[in-house]
Amino acid sequence: MQTDLIQEARRQAEVCNACRYCEGYCSVFPALHAKRAFSDGDITQLANLCHNCRGCYYACQYTAPHEFALNLPQALADVRVDSWESHAWPGGLGKIFQRNGVPIALAALIGFALLFMIARAFGEEGGERYYSVVSHGLLVAIFAPAFLFPLFAIGVGLRDYWKTVGGEKVRLAHVTQAFGAAANMKNLKGGHGDGCNFEDEDRFSHARRAAHQLTMYGFLLCFAATCSGTILHYVFDIQGPHGLFSLPKLFGLPGGVLLAFGTAWMASLKLKSDPELAAQNAWSGEMAFILLLFFIAMSGLALFVAGSSAVMPTILALHLGAVLAFFLLTPYTKMAHGFYRLAALVRDAQSGR
Ligand code: SF4
Ligand code: SF4
C-alpha cells in the first residue's frame with residue numbers, strides 16, 4: 001500500500017483524535033477515538049468504515065486555509081481505494097481499472113457483445129427465444145467460470161485485507177451485526193439521522209442512502225432472478241424462456257427497474273458532488289461501475305420489451321456482453337467495495353463497541 005497516503009490519513013486521524021468534535025458522526029470516530037496510535041492496518045480499517053458522507057469535512061474548523069488543512073473524507077477515500085487496489089488479485093489490475101474505468105468497461109462490453117454475435121453466427125441453434133441466439137450450454141460454459149473467478153479473486157483479496165487490519169476469529173454474532181448494518185445502510189443515515197452532505201454541503205439529505213438501497217436491492221433481485229432460473233432449469237427441468245408470472249420474471253422485472261433508477265440516481269449525485277472530497281484518480285473507475293450496472297438493467301428491461309422481435313439478438317448480445325464485463329471486472333471495480341465494507345463492519349463488530 002502507498003505509505004504517503006497512509007501517512008497523510010494518519011496525520012489527520014491524530015488531529016481528529018485530539019479534537020473529537022465529530023464524535024457521533026459515523027462509525028469511523030468511535031473506532032478512531034478508541035486508539036492512541038494508528039498502525040497502517042488501523043488506518044486501512046478506518047478508511048473502509050468511512051462512506052464518504054462528507055459531514056466531518058463541512059463541520060470541521062481545521063480545513064484549508066487552516067494550517068492543518070484537514071480533508072478527512074478525501075484522505076480516507078484515497079487509502080480506501082488504494083486498499084482495494086493493493087489487495088486486488090492478480091495485482092495491478094485494480095489500479096489500471098480505477099484510472100481508466102470508462103474506456104475499459106466500454107471496450108469489454110463491446111468486445112464481449114461482438115463475441116456473442118460471432119458465436120451466434122457460427123454456433124448451433126439451441127432452443128427457443130434467447131436460446132435460439134446463444135445455446136444454454138454455451139452460456140453455462142462462459143458464465144460459470146466468469147462467476148467463479150471473481151469470487152475466488154475477491155476471496156484472495158479479502159484474506160489479505162483481514163491480515164492487514166489484524167482481524168480475529170470471526171463469530172456468527174459479528175457477521176450478523178455487520179449484515180444488519182449493511183442491510184439498512186445504517187451509516188448512510190448520518191450521525192444524527194439527518195442523512196449526509198454528499199451532493200450539497202449545507203443540505204442534509206437521504207438521497208444517497210436511498211439511491212444505494214435501490215441499487216443494492218435491485219441488484220439482489222436480479223441475482224435472485226438468475227438463481228431461480230438456474231434452479232428451475234436444473235432441479236425442476238423447467239426451461240426458459242419463462243412466463244410473466246414465473247419467479248425469474250417476478251424477481252427480474254422489479255429488480256431491473258430498481259437497479260436502473262438507483263444507478264441513474266447515483267450517477268447524478270456523483271456529478272453534483274465535489275470531486276475534491278473524493279479519492280483522487282478513482283472517478284473514472286467508479287463512474288464506469290455505475291454506468292455498467294445501469295446498462296445491464298436497461299438492456300435487461302429492453303430484452304423483455306423486445307420479445308422475439310428482430311432486434312432481440314442484438315440487445316441480447318449487448319446485455320450478455322455487459323453482464324460478462326461486469327462479472328470479470330468485479331474484483332477491480334467499486335463492486336469490491338461491498339465486500340471490503342462488509343469485512344470492515346465485521347472487524348468493527350469484533351471491537352465490541
Ligand atoms: S474532522 Fe475536524 S472537526 Fe471533526 S473531529 Fe476531525 S478535526 Fe475535529
Ligand atoms: S466522511 Fe462521513 S463517514 Fe467518512 S469519516 Fe467523515 S463523517 Fe465519517
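Counting convention: from 1, in listed order, for ligands and their atoms alike. Just so it is clear, the structure is predicted and the values come from calculations on it, not from any experiment. Quick note: residue numbers are just sequence positions, from 1. Below, each value reflects all heavy atoms present in this structure, side chains not excepted, and no hydrogens, waters or symmetry copies.
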inquiry  = Show the atoms of ligand 1 that are less than 4.0 angstrom away from any heavy atom in C60.
reply    = 1 (S), 2 (Fe), 3 (S), 7 (S)
request  = Below 4.0 angstrom from a heavy atom of Q61, which ligand 1 atoms are there? Numbered from 1 as shown, please.
outcome  = 3 (S)
query = So do the side chains of Q7 and R11 get within less than 4.5 Å of each other, counting heavy atoms only?
reply = no
Interfacing atoms of ligand 1 (cut-off 4.0 Å, heavy-atom, C19) = 3 (S), 5 (S), 7 (S), 8 (Fe)
Within less than 2.8 Å of atom 8 (Fe) of ligand 2: protein N, O or S atom count = 1
ask   = Mind checking whether L76 and V28 have side chains closer than 4.5 Å, heavy atoms only?
value = yes
ask   = Under 4.0 Å from any heavy atom of Y21, which atoms of ligand 1 are there?
value = 3 (S), 5 (S), 8 (Fe)
inquiry  = Does any part of the side chain of L324, heavy atoms only, come nearer than 4.5 Å to the side chain of L109, both counted from C-beta?
reply    = no
message = Over 60° means perpendicular and under 30° means parallel, so tell me whether F326 and F219 are parallel, tilted or perpendicular.
response = tilted
query = Considering only heavy atoms from C-beta outward, does the side chain of D274 approach that of R54 to under 4.5 Å?
reply = yes
request  = Please state which part of Y62 comes within less than 4.0 Å of ligand 1, counting heavy atoms only: side chain, backbone, both or neither.
outcome  = side chain
note = Interatomic distance, CD@Q45 vs CZ@R347, rounded to 0.5 Å, equals 6.5 Å
key: Flag, side chain of K35 to backbone of D42, donor-acceptor distance under 3.5 Å   = no
task = Kindly state whether the ring of W89 and the ring of F152 have centres lying under 6.0 angstrom apart.
result = yes
ask   = Any salt bridge between E85 and R99, counting N to O under 4.0 Å?
value = yes
message = In the structure I gave you, are the side-chain heavy atoms of W84 and R80 within less than 4.5 Å of one another anywhere?
response = yes
query = Which protein heavy atom lies closest to atom 6 (Fe) of ligand 1, and at what distance to 0.1 Å?
reply = C16 SG, 2.4 Å
task = Counting heavy atoms only, name the option from T63, L70, L32, N71 that's nearest to atom 7 (S) of ligand 1.
result = L70
message = Could you tell me, atom by atom, which parts of ligand 2 come under 4.0 Å of a heavy atom of R54?
response = 1 (S), 2 (Fe)
